[in-house]
Amino acid sequence: MKISNKKDLKSVLEAEGFSFKKSLGQNFLIDDTVCPRMACAVSGENVGVLEIGPGAGVLTAQLSSSCKKVVSVELDTRLKPVLQETLKDCHNVKIIWNDILKLDLKTVLAEEFADCDTINVCANLPYYITSPVIMMLLESHLPINTIAVMVQKEAADRLCADVGSRAAGAVTVAVNYYAEAETLFGVPRGSFMPPPNVDSAVIKLTLRDKPPVEVTDEKLFFKIVKACFAQRRKILLNTVCNTLNIQKDVLRKALNEANISETVRGETLTMQNLADLTNALL
Ligand code: SAM
């Protein structure tokens, strides 16, 4: 059965009495050109893939045929009978019924992928947890190589923007600190059932061995990043002091030391500027 086909997917879901829950971000893919391209970004002979939110299993089945093992984490247990049917021929797939944000992923990856050379992540992410999931994957120092995920088009634009550009946000800097980000391709809203109100895009994050800049205090670096983007269009010298609880003179001295203009706006700082400012404030 080809469940990337709207008619077949509908009949499987109807047979099991399944109804979509908007609150769980349940928009299932019905475009059979999308899954092969997503799988291609993370697949390989000895690759284990962690999938988040298999839904009816359309991407799961694709990953199963191109990777060594797939472990899929799904929160909605109503999908049990659906996945039993759609994945009955996929013998290298394991489903973990849990919330991705509550799992001890370090242990899961170590136990499930011990015999794989590489671990990647692939998902059509539920949109309500896009940023928390991506940041959790990046910040947890997991043994992951590549993440290929579908996100809302606006989120893709922000996550993959150049740091220092108008499209960037605090999350752009955070992603850039841990990974190289690129947009692979766009996916129109009509590729899903039910169709969401926005278009989507698949992005690829390739995790870095080490950050692109050296900072002596990561906590302070991210505090500064947050402060810079909180009032991004205002002169940094006038806004960041309060948030960081420092004197204006101290910030002025640090800006000079980091060769950054005193009239700079937070949103225009590059990764190197942000790192230099952090190090100058220590
Ligand atoms: N992969 C399927 C596809 O592409 O058709 C379904 C993707 S759908 C956008 C998101 C899936 O994530 C749903 O199956 C939903 O139940 C599941 N989900 C939502 N919140 C979750 C969570 N916190 N942990 C794990 N899965 C979750």
Side-chain angles (χ1 to χ4, degrees), residues 1-13 16 18-42 49-67 70-87 90 93-105 108-109 120-137 140 147-153 155-156 184-203:
M1 177 172 293
K2 215 173 158 209
I3 51 156
S4 55
N5 162 314
K6 186 175 176 179
K7 198 167 143 249
D8 286 344
L9 175 62
K10 231 178 168 173
S11 78
V12 175
L13 295 178
E16 304 301 343
F18 179 83
S19 55
F20 292 97
K21 263 195 190 162
K22 208 175 172 185
S23 61
L24 288 180
Q26 289 180 334
N27 304 98
F28 293 178
L29 272 165
I30 47 162
D31 176 340
D32 56 16
T33 67
V34 174
C35 292
R37 285 195 283 168
M38 286 186 77
C40 186
V42 293
V49 174
L50 171 74
E51 188 199 12
I52 299 156
V58 62
L59 178 59
T60 325
Q62 186 73 47
L63 292 166
S64 162
S65 66
S66 55
C67 301
V70 184
V71 172
S72 301
V73 181
E74 174 59 60
L75 180 59
D76 189 354
T77 50
R78 296 176 309 144
L79 286 161
K80 264 183 192 173
V82 175
L83 287 172
Q84 250 156 28
E85 171 62 23
T86 58
L87 299 179
C90 301
V93 174
K94 176 170 177 176
I95 310 285
I96 296 179
W97 299 96
N98 207 331
D99 182 336
I100 187 66
L101 291 170
K102 292 191 180 144
L103 261 191
D104 172 5
L105 271 185
V108 169
L109 298 187
N120 292 332
V121 176
C122 195
N124 172 10
L125 281 181
Y127 293 149
Y128 76 106
I129 47 168
T130 299
S131 289
V133 168
I134 290 178
M135 290 320 298
M136 176 272 290
L137 292 171
S140 307
I147 301 171
V149 284
M150 173 107 63
V151 298
Q152 285 190 6
K153 167 85 173 51
L184 293 184
F185 55 92
V187 181
R189 60 196 79 186
S191 297
F192 301 88
M193 182 171 80
N197 294 328
V198 290
D199 292 324
S200 299
V202 175
I203 62 167

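Read the numbers this way: they start at 1 and go in the same order the structure lists the ligands and their atoms.
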Could you list the donor-acceptor pairs under 3.5 angstrom formed by side chains in residues 188-201, with sequence neighbours left out?
{"residue": "R189", "atom": "NE", "partner": "D199", "partner atom": "OD1", "Å": "3.1"}
{"residue": "R189", "atom": "NH1", "partner": "N197", "partner atom": "O", "Å": "2.7"}
{"residue": "S191", "atom": "OG", "partner": "D31", "partner atom": "OD2", "Å": "2.9"}
{"residue": "S191", "atom": "OG", "partner": "P188", "partner atom": "O", "Å": "3.4"}
{"residue": "D199", "atom": "OD1", "partner": "R189", "partner atom": "N", "Å": "3.0"}
{"residue": "S200", "atom": "OG", "partner": "Y127", "partner atom": "OH", "Å": "2.3"}

Identify the protein atoms, limited to N or O, that lie within less than 3.5 Å of an N or O atom of ligand 1, and list each pair with its distance to 0.1 Å.
{"residue": "ligand 1", "atom": "1 (N)", "partner": "G53", "partner atom": "O", "Å": "2.8"}
{"residue": "ligand 1", "atom": "1 (N)", "partner": "P54", "partner atom": "O", "Å": "3.3"}
{"residue": "ligand 1", "atom": "4 (O)", "partner": "N124", "partner atom": "ND2", "Å": "2.8"}
{"residue": "ligand 1", "atom": "5 (O)", "partner": "L29", "partner atom": "N", "Å": "2.8"}
{"residue": "ligand 1", "atom": "14 (O)", "partner": "G55", "partner atom": "N", "Å": "3.3"}
{"residue": "ligand 1", "atom": "14 (O)", "partner": "E74", "partner atom": "OE1", "Å": "2.7"}
{"residue": "ligand 1", "atom": "16 (O)", "partner": "Q26", "partner atom": "NE2", "Å": "2.9"}
{"residue": "ligand 1", "atom": "16 (O)", "partner": "E74", "partner atom": "OE2", "Å": "2.6"}
{"residue": "ligand 1", "atom": "20 (N)", "partner": "Y128", "partner atom": "OH", "Å": "2.8"}
{"residue": "ligand 1", "atom": "23 (N)", "partner": "D99", "partner atom": "OD1", "Å": "2.9"}
{"residue": "ligand 1", "atom": "24 (N)", "partner": "I100", "partner atom": "N", "Å": "3.0"}
{"residue": "ligand 1", "atom": "26 (N)", "partner": "L75", "partner atom": "N", "Å": "3.4"}

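For the residue pair G55 and E74, the shortest heavy atom distance occurs at N-OE1, 3.1 Å. Residue A56 comes nearest to L9 through the heavy atom pair CB-CD1, 3.4 Å, listed as atom of the first residue, atom of the second, then distance.
Using a 4.5 Å heavy-atom cutoff, the side chains of M150 and V34 are in contact.
Of the possible polar contacts, one joining the S65 side chain to the Q62 backbone as a donor-acceptor pair under 3.5 Å is found.
Interatomic distance, S11 OG to E16 CD, rounded to the nearest 0.5 Å: 10.0 Å.
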